[in-house]
Structures are given as C-alpha cells and as structure tokens.
Amino acid sequence: MARTSAEISDASNNPLHLSIADALAHEILDGSWQPGSNKKLEQIQEQYDISRTVAREATRLLASLRCVQFQRGTGVIACGPYDWDDLNTRVITWKLHSNLRRAELRDLTELRLAVEPAAAAGCASRGTVEARTHIGVIGHDLIRAAREDRLDDFHALDIEFHAGLLRNCGNPIFAELSSTVATVLRGRVEINMYPQHPEESALSAHEKVAQAVVAGDAHAAYEAMYDIVSEVNTAIGLTAM
C-alpha cells in the first residue's frame, strides 16, 4: 500500500515533491512501475494524496534525472534505471537503497579506483600547504576514532578525508566528484555494507595517504589510495579488478 503524502514528508523531512520523487523512483527500481509504462498526473495525485503542483514538480525532477519522460496524451513514462543520470547523488542514493545496490557499488568502486589515487597524488603535488596539513589532521583523527571504536566519528571523518582529497587535488573535474564519493561512502553505512570495525590494513593505508600528502609525495599517495579503494572489493564482496 502506498504511503500517504504526510507519512512520506514526515519520514524524510524533505520538501514534499522531493519525497514523492523518491517514492516514484523506488517504484521503478522495485518493478512496481515498469519501464515503458505510463502514469497520469491524476493517478500520482490520487496515489499519494497530493496536489497537481506537487505531482508536476516531482515528475519534473525525475525527468531532469532521466528517470521518466513526458509524452503528450500519454502522461509520465518510466525509464529503465540504466538510463538515469548515474553521477547524480540522488540517483546514487536511490540505487544503493534498491536491489541494484551491488551493481551500483561495483560501478562506483571502479570509478573511485580510476579517480581517487590520481586525486591523492594531485593533492600531494598541487595542494596548498593548508589543504595538505588539513588532510593530515583528518587522517590522524579518523584513525584515532576507529581505534577508539567511535564509528560514527570515523565514518564522518572518512567522508571528509576522501572528499577533501578530491576538492584539493588541483583537478576541477575530479573536484566535482567529491559529492559523488561522499554519497557512496555515506550510502555504504546506511545499507550496512561498511565494516563495523575497519581492517588494520585499511587504517594503515589511510595513514600512509595522509603522511604522503603532507610530505608532498605524490607516488606514495597514489599507491596508498589505490590500496584503500581496492580493499573495498574485499569488504563488500565484489569481484577483484
């Protein structure tokens, strides 16, 4: 049974049209709204007990992310998940909370493996002294948090560590991916696909990245970050690359 608009809004604390978009996206992902089939705005209004304005705003958001298409006389047509805007953080979150989560993690890990070692090297060679020092502090703090079993603090610091490297690597294209990687890391925690106790090898690799960045050693930063992202395959049971 579909949730009412009040239940959806209360559950997410989002503006209502965002919550409706979330719900409709999950209908496509779980197969209850089949790609290629249509809904009228009136159907969506009735299903979620919302105004036409909210239904229109929700479906426009989905259309902007290539999740649906509009067709005159037909209504709103669902598009298959593999056609969606895959680097959008909302799309990533939807897929990580669906039965596509394993494939989504595999694809995003391949992206991370291609980008993050180079970003770590870039931060070491091109980052400002202030940025590199800050990465060193975060690296120290996240390792301490892990060893003291402050896992919530560790997760938050880990996100800041990886996103900070991307933002300060001197490559604006990589910097644009900082929110993508942050969403992936946050999503792994939310779906319980993150180690409850980080492996010592992973902590050691984080420490090596931080030390290499502070020292300006691009090669060491690259190698240690490669080890971190490669370890994700083992942690979440993906096929080794």
Contact summary for L185 and R112, nearest pair of heavy atoms: CD2-NH1, 3.7 Å
Could you report the tightest heavy-atom contact between V209 and I228, atom names first, then the distance? CG2-CD1, 3.8 Å
For the atom pair OG (S179) and CG (N88), what is the distance rounded to the nearest 0.5 Å? 8.5 Å
In chain order, what residues pass the side-chain contact (heavy atoms from CB on, under 4.5 Å) check against T74, with sequence neighbours excluded? N38, Q71, I77
List the steps, then state whether side-chain contact (heavy atoms from CB on, under 4.5 Å) holds for Y48 with L16. CA-CA 10 Å; Y48 291 103; L16 184 54; over 6 Å; no
Any donor-acceptor N/O pair, W94 side chain to S98 backbone, under 3.5 Å: no
Pair V184, L111 - check side-chain contact (heavy atoms from CB on, under 4.5 Å), show working. CA-CA 11 Å; V184 176; L111 174 66; over 6 Å; no
Output yes when a side-chain donor or acceptor of S64 lies under 3.5 Å from a complementary backbone atom of L61, and no otherwise. yes
Anything under 30° is parallel, anything over 60° is perpendicular, the rest tilted; go ahead and classify H206 against F161. tilted
Please determine whether side-chain contact (heavy atoms from CB on, under 4.5 Å) holds for the pair E160 and H134, giving the CA-CA distance in whole Å, both sets of side-chain angles, and the decisive distance to 0.1 Å. CA-CA 10 Å; E160 187 178 356; H134 185 56; 3.3 Å; yes
Around atom CD of Q43, are there more than 12 heavy atoms from other residues, nucleotides or ligands closer than 6.0 Å? yes
Can you confirm whether E190 is buried at CD, in the sense that more than 12 heavy atoms of other residues, nucleotides or ligands lie under 6.0 Å from that atom? yes
Separation between CD of E104 and CG of N99, rounded to the nearest 0.5 Å: 11.5 Å
Give a yes or no on whether Q45 atom CD has more than 12 heavy-atom contacts from other residues, nucleotides or ligands under 6.0 Å away. yes
To the nearest 0.5 Å, what is the distance between CG (D85) and CZ (R66)? 4.5 Å
Neighbour count above 12 (heavy atom, 6.0 Å) for E199 CD: no
Evaluate side-chain contact (heavy atoms from CB on, under 4.5 Å) for R106 paired with R102, printing each intermediate quantity in order. CA-CA 6 Å; R106 179 200 63 217; R102 188 164 293 278; 5.9 Å; no
Of all heavy-atom pairs between A120 and L165, which one has the smallest distance, and what is that distance? CA-CD2, 4.4 Å
Rounded distance [0.5 Å steps], CG in L41 versus OG1 in T59: 5.0 Å
Shortest non-hydrogen contact between A146 and P198, atoms and distance: CB-CG, 4.3 Å
If you compare all heavy atoms of G187 against all heavy atoms of L96, which two are closest, and at what distance to 0.1 Å? CA-CD1, 3.9 Å
Taking K95 for its side chain and P81 for its backbone only, find out whether a donor-acceptor pair lies under 3.5 Å. yes
When you look at CG of D149, are more than 12 heavy atoms from neighbouring residues, nucleotides or ligands closer to it than 6.0 Å? yes
Cationic N near anionic O, under 4.0 Å, K40 to E42: no
Tell me every residue that passes side-chain contact (heavy atoms from CB on, under 4.5 Å) with K208, counting only those two or more places apart in sequence or in another chain. S204, A224
Tell me, yes or no, whether the heavy-atom count around H140 atom NE2, taken from other residues, nucleotides or ligands under 6.0 Å, exceeds 12. no
N/O donor-acceptor pair under 3.5 Å between Q34 side chain and G31 backbone: yes
Answer yes if the side chains of H162 and D158 hold a donor-acceptor pair under 3.5 Å, and no otherwise. yes
Can you measure from CG (L105) to CG (L100) and round to the nearest 0.5 angstrom? 11.0 Å
Tightest non-hydrogen contact, residues G164 and I135, listed as C-CD1, 3.8 Å
Could you tell me which residues satisfy side-chain contact (heavy atoms from CB on, under 4.5 Å) with A119, sequence neighbours excluded, listed by chain and number? L166, C169, F174
Gap between atom CZ of R101 and atom CZ of R188 - 0.5 Å precision: 13.5 Å
Does D22 come within less than 4.0 Å of R90, counting only side-chain N to carboxylate O? yes
For H219, does the NE2 atom sit with more than 12 other heavy atoms under 6.0 Å from it, leaving out its own atoms? no
Within the side chain of W84, is there an N or O that forms a donor-acceptor pair under 3.5 Å with the backbone of L62? no
Can you tell whether the side chains of R144 and D153 come within less than 4.0 Å, N to carboxylate O? no
Report the C-alpha separation of E200 and R147 in whole Å, then their side-chain angles, then the decisive distance to 0.1 Å, and conclude whether the salt bridge (charged side-chain N to carboxylate O under 4.0 Å, His left out) test is met. CA-CA 9 Å; E200 189 61 33; R147 289 176 175 158; 2.3 Å; yes
